[in-house]
Amino acid sequence: MMRLYSVLERLRPPVNLARNRRSAGVFEVSLRLSSTKAAPRFRRMDYQDAVCTLNTLQTNASALEQVKRERGHPQLQLQAMRAFLQRAGLKVEELDQLNIIHVTGTKGKGSTCAFTEQILRNHGFRTGFYSSPHLVEVRERIRINGQPIGKELFTKYFWQVYGRLEETSGAHGGSMPAYFRFLTILSFHVFLQEKVDLAVIEVGIGGAYDCTNIIRRPWVCGISSLGIDHTSILGDTIEKIAWQKGGIFKPGVPAFTVKQPDGSMKVLQERAEEIGCSLSVCPDLDEYESEGSLTLGLAGHHQRSNASLALQLSHAWLHKHLLTDPPLSLVEFSGVNPAPAFQPSPAMIKGLMETDWAGRNQTLKHGPVTYFLDGAHTTRSMQACVRWFNEVATQHEEKAEGPVMRVLLFNATGERDCAAMLKLLVHCHFDFAVFCPNITETTATCNADQQNFNVSVENMLTRCLDNQQSWRVMNGQEEKPDADLLIRGGLPLVAERHSDTLVFPCILSALQWISQGRDSVLSDPNKCVIPVKLSVNAKATALREATNIHVLITGSLHLVGGALKHLDSALNSQ
């Protein structure tokens, strides 16, 4: 493993920086230009310069220490966020002008936001949409009218906000906001400058102390399906997590939730009563008054509850926006009530059908190779992913005229319970299980948007090898794999496949091995093709001879994003 690690460290992209070194475990970086302080005045600074500078906030030592301290005193997070907002030239009061729809949850909050934004855009409103994480480029997180803001616009607004914060850092001990905090501030600035009619804001983590929760007066709040995730921050029980999620409720602001387990629903009810807002439970999608069943642009049965929540959020926003002017009339707590199943407008029906949210239950067919992509990264979301994959893959296989090979491409990050997710995936009966870190490619062409300096290469590789061993144990093959198979030329870029499991150094090398030259997109001469020893390729004979190859890519939205960078040219050209 150390030989593999050393090669990756040597090939890791320079990220468009003049200097990139480690000091006391923290990356110290400087831009090609001599001064970041003067950055807002340099028009020649392009998009990649902005993203490289943004990436320095991932490893800001003072920011990391501040986050650690604030975990013991979470209310300090919001205080710090308000201070950074003020230093950026914004006031909390200005956010009231954004007509915000605020959405949290463990599973499905991004899809709910996507449905909601599409519905209201179809009603003719100019929309803003802030979400995380991004898949291919960071500007995907900030959208105007459904599209990621352009590179020039991102660059322009980035330097405006960064410049103000950097100019005031000296008076605040050199502190700068961490990565997500900065992007949240940037999104508010963009939406105010671009004069959107409304902004759909997705919570980052939790709710009560998430930096998006400096919002004082959203028009409506929503909570998607709750589950266990981010336990070190939110708590280790569903009740503790529900308390955090209910923290986005605001006095007099209507709130909606999908059906939740009894324990979490009781906590949400208590939070609504404590804060003083109405709380309504969304009906099943089948209960809405519509001719025939409502068609969704997002696949998967679990999207139906997200769509129902989106209908309630958009309906509440439209009702308040069209019938009253701010300040909104108060809607106080009166118990948890069922939300009425109304008749969706044509714009709502069309919005649900047209919603597109990349990386979530997404299918891409490239000739004989079909990719099924889903960023599921919790046990509960993986259950939904497995159900979706088995259904849709079976439909494809019934149409095939010859043998079909199933391949899993998996990685997970952070504190995720990989073993629990892999245990669910075993039941999909894959012919190959492939593991790789969330490194897009081991060449200097990798762009800065997908750099993550918070996790070491060694840590990522260790996780991959642990996952490989877990998969082998789950399949009754407990002996350790040998480590003798090398790439031609002696570079240990591919660990040995033993009983149909492999570990690759990056996403591109994994995809190229899986596709075996049968995907023209991956055979592009502009992409580096890693030469694999003949003995390794010989074990892929079944892939080359199969009529179709079905690849499920899951476990991490970062993994899915890295795959889409190579597989979906539309995302790269937005």
Side-chain angles (χ1 to χ4, degrees), residues 106-108 110-111 224-225 227 284-286 293 295-307 356-412 416-435 467-468 470-477 499-502 510-511 514-515 519 542-543 546-557 559-560 563-564 567:
T106 305
K107 180 169 70 78
S111 299
S224 65
S225 180
D284 292 334
L285 195 62
D286 293 336
S293 60
T295 302
L296 305 183
L298 302 183
H301 183 79
H302 59 285
Q303 295 292 357
R304 298 182 68 78
S305 63
N306 299 330
D356 178 33
W357 196 224
R360 287 80 170 176
N361 304 123
Q362 181 180 5
T363 302
L364 289 176
K365 185 168 177 58
H366 291 188
V369 186
T370 303
Y371 303 93
F372 304 89
L373 304 103
D374 187 65
H377 51 270
T378 68
T379 303
R380 192 169 178 188
S381 61
M382 189 59 72
Q383 289 173 335
C385 173
V386 167
R387 178 179 177 179
W388 164 74
F389 173 73
N390 277 330
E391 289 177 356
V392 69
T394 299
Q395 292 172 4
H396 281 73
E397 288 163 6
E398 288 174 350
K399 300 175 183 177
E401 298 180 353
V404 178
M405 301 297 291
R406 283 189 175 188
V407 182
L408 170 67
L409 178 56
F410 179 89
N411 190 45
R416 313 298 182 194
D417 189 346
C418 297
M421 289 191 282
L422 289 172
K423 188 174 182 180
L424 294 169
L425 288 163
V426 165
H427 301 293
C428 294
H429 306 293
F430 291 101
D431 298 290
F432 293 89
V434 176
F435 305 94
N467 289 339
Q468 180 190 37
S470 294
W471 184 264
R472 291 174 52 77
V473 170
M474 291 173 189
N475 285 275
Q477 302 157 341
S499 296
D500 304 325
T501 67
L502 302 94
L511 290 173
I514 292 169
S515 63
D519 182 348
L543 290 174
T547 303
N548 295 99
I549 303 172
H550 289 170
V551 189
L552 174 61
I553 304 174
T554 190
S556 164
L557 276 169
L559 172 68
V560 168
L564 285 172
L567 299 174

Nearest 0.5 Å, please: how far is [atom2] in [Y] from [atom1] in [X]?
| X | Y | atom1 | atom2 | result |
| --- | --- | --- | --- | --- |
| W388 | T363 | CH2 | OG1 | 4.5 Å |
| N306 | W357 | CG | CH2 | 12.0 Å |
| L409 | L559 | CG | CG | 5.0 Å |
| N467 | C418 | CG | SG | 4.0 Å |
| L364 | F372 | CG | CZ | 10.0 Å |
| K365 | T370 | NZ | OG1 | 3.5 Å |

Item to check | Verdict with reasoning, L511 to D519, per side-chain contact (heavy atoms from CB on, under 4.5 Å) | outcome: CA-CA 9 Å; L511 290 173; D519 182 348; over 6 Å; no

Side chain [X], main chain [Y], donor-acceptor under 3.5 Å:
| X | Y | answer |
| --- | --- | --- |
| D431 | R406 | yes |
| K423 | L425 | no |
| S381 | T378 | yes |
| R360 | A358 | yes |
| S224 | K107 | yes |

Item to check | Between S225 and R380, a side-chain donor and acceptor under 3.5 Å | outcome: yes

Checklist entry - Distance only, no hydrogens: is a donor on one side chain within 3.5 Å (strictly under) of an acceptor on the other, for E401 and T547? => result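 There is no such pair between these side chains.
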
Closest approach of [X] to [Y] (non-hydrogen atoms, all atoms of both residues):
| X | Y | result |
| --- | --- | --- |
| L296 | A307 | CD2-CB, 3.7 Å |
| Q468 | F435 | CA-CE1, 3.6 Å |
| L373 | A563 | CD2-CB, 4.2 Å |
| M382 | M421 | CE-SD, 3.8 Å |
| M405 | A546 | CG-CB, 3.4 Å |
| A419 | M474 | O-CE, 3.1 Å |

Checklist entry - Can we call the ring centroids of F430 and F410 under 6.0 Å apart? => result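 No; F410 has its ring centre 6.0 Å or more from that of F430.
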
Heavy-atom side-chain proximity of [X] to [Y] below 4.5 angstrom:
| X | Y | answer |
| --- | --- | --- |
| L408 | F389 | no |
| N548 | V404 | yes |
| D284 | R304 | no |

Item to check | side chain to side chain donor-acceptor pair (under 3.5 Å) involving T554 - partner list, sequence neighbours excluded | outcome: none

Checklist entry - Could you walk me through whether T501 and R472 pass the side-chain contact (heavy atoms from CB on, under 4.5 Å) check? => result CA-CA 8 Å; T501 67; R472 291 174 52 77; 4.1 Å; yes

Checklist entry - Could you go step by step and tell me if Q362 and L564 meet the side-chain contact (heavy atoms from CB on, under 4.5 Å) rule? => result CA-CA 10 Å; Q362 181 180 5; L564 285 172; 3.8 Å; yes

Next on the checklist: Walk me through whether I514 and L502 qualify under side-chain contact (heavy atoms from CB on, under 4.5 Å).
Outcome noted: CA-CA 10 Å; I514 292 169; L502 302 94; over 6 Å; no

